[in-house]
Trainee: 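Provided herewith is a single structure, encoded as structure tokens, for subsequent inquiry.
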Amino acid sequence: MKYDFTYYNPTKIHFGKDALNKLAGELAAYGENVLLVYGKGSVKRTGIYDKVVKILADANKRVTELEGIKPNPSYSQVLEGARLVRENKVDLILAVGGGSVIDCAKGISVSAYCDGDPWTKYWINFEDVTGTIVPVGSVLTMAGTGSEMNGGSVITNEDVMLKNGRVFPSSVYPKFSILDPEFTYTVPKYQMISGIFDTMSHLMEQYFSGDDDNVTDYLLEGLMRSLIVSARKACDNPTDYEARSNIMWAATLGLNTLTGVSKTQDWEVHMIEHQVGAYTDCAHGAALGVISVPYYKYIYKYGVQKFKRFAENVFDIDTAGMSDDEAALKGIDALGAFIKELGIPENLRALGVTEDMLKPIADSAVTGGGYYKMEAEDILKVLKAAF
Ligand code: NZQ
Ligand code: ZN
């Protein structure tokens, strides 16, 4: 490993069947006022809402609710939550849902007592957090983002057509997260595969950068291999507990900063997706699946040895007798076949992208890059290939 690092992750995870039984014990550490944040109704249909509300009532909590958090949560919902926190002197924000709900809860946490305009301060200028941070806890109902054990908060500001993510410091991570793989059984197939590919993409964004002999790259390969095996099983049988639990834990590990330790990283696929999402409101992981192969075909030459290693170690391709380029491309083809097998849409048009969106998306998606620094004209070429 080349780089010095400090690794710290303060989120306590309760994992497994009946993990929700641990919620009461966690609640005891906080005051009586709870803001319960959830999405557009899945938690009510699945009965998770009733269970959580009963635990809150038994713990004598005074509960204020913020419901209807959108997939791709909006900044206006963050502000609404911040107002509720101030008005009700909230002691704990309890997020019950997927990444969108948890991301929104973190946004609310830092915005409630922010001195200044939170959007500009946190999601444009990426300033340090000042003011009181309201603690967040989560009950995760869908696997994919890793938000349950990290500081990520991706918020869409519809007024300016920007979906911006930032990573808050460990003081903003959920204090605890409850992960019961059975809660994910009801996630619709399209959302399940989107979550699976989101995790795959997190692993690849961290993997495809750097050329040192790094223990983290071996961890990433192991997680990718496990995810591929479990994804196939979960697609065949969505109530395969072992597969769903492996996917859930791989998703958490995939973006809880452990798999980024001492690594340079890429994140260009995510940067492009976030802008596709800002324009279309599509499912995050599905768009990552559409963008990945055209992007990796565009940049693989700049990191060809790593792409060859990916072919060999993640997809078990025998590269004997192949040139480095051929081996690398075989790995990317195998990734493409896996994406197809999952059932991810074939192109950006299927996600609602129209031709006039391509240039503005490209212009707003430039970031640091991994093996190759993509400029807007490079991104436009990738978008056209994915269109
Ligand atoms: O809104 P409800 O009714 O709850 O339905 C949700 C939503 O429609 C549904 N769902 C969730 N759990 C369910 C369920 N339906 C049935 N049964 C259940 N148990 O699934 C749909 C998608 O939920 P959402 O939370 O939007 O999905 P996901 O977890 O994929 O989160 C996506 C958001 O996270 C951001 C994405 O950009 C996107 O905005 N990300 C956050 C990251 C982070 N915090 O580190 C990193 C990621 O790269 C990502 O950018
Ligand atoms: Zn993601």
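No hydrogens, no waters, no symmetry mates; every other heavy atom, side chains included, goes into these values. Throughout, numbering of the chain's residues begins at 1 and tracks the sequence. First listed ligand is number 1; within each ligand, the first listed atom is number 1.
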Trainee: Given the ring of F176, does K12 sit roughly above its face, with NZ or CZ under 6.0 Å from the centre of the six-membered ring and within 45° of the axis?
Mentor: no
Trainee: Within the side chain of N246, is there an N or O that forms a donor-acceptor pair under 3.5 Å with the backbone of S226?
Mentor: no
Trainee: Which protein atoms of type N, O or S are found under 2.8 Å from the Zn ion (ligand 2)?
Mentor: D198 OD1, H202 NE2, H270 NE2, H284 NE2
Trainee: Give me the one residue out of I379, D266, V290 that meets side-chain contact (heavy atoms from CB on, under 4.5 Å) with Y295.
Mentor: D266
Trainee: Quick one: list whatever passes ring pair (Phe, Tyr, Trp, His ring centres under 6.0 Å) with Y30, sequence neighbours left out.
Mentor: none
Trainee: Taking the side chain as every heavy atom from C-beta outward, state whether T257 and V261 have any pair of such atoms under 4.5 Å apart.
Mentor: no
Trainee: What residues form a ring pair (Phe, Tyr, Trp, His ring centres under 6.0 Å) with W249, not counting sequence neighbours?
Mentor: F15
Trainee: Give a yes or no answer on whether the side chain of N88 reaches the backbone of L35 with a donor-acceptor pair at less than 3.5 Å.
Mentor: no
Trainee: With a 4.0 Å cut-off, would you call K297 and D333 a salt bridge?
Mentor: yes
Trainee: Enumerate the protein residues lying less than 4.0 Å from ligand 1, judged by heavy-atom distances, in chain and residue-number order.
Mentor: G39, K40, G41, S42, P71, N72, P73, G98, G99, S100, D103, T141, M142, T145, S147, N150, G152, V154, K163, F183, T186, V187, P188, Q191, D198, H202, L255, H270, H274, H284
Trainee: Check each of Y296, Y371, Y372 against F208 using the ring-ring contact (aromatic ring centres under 6.0 Å, His included) test, and report the only one that passes.
Mentor: Y296
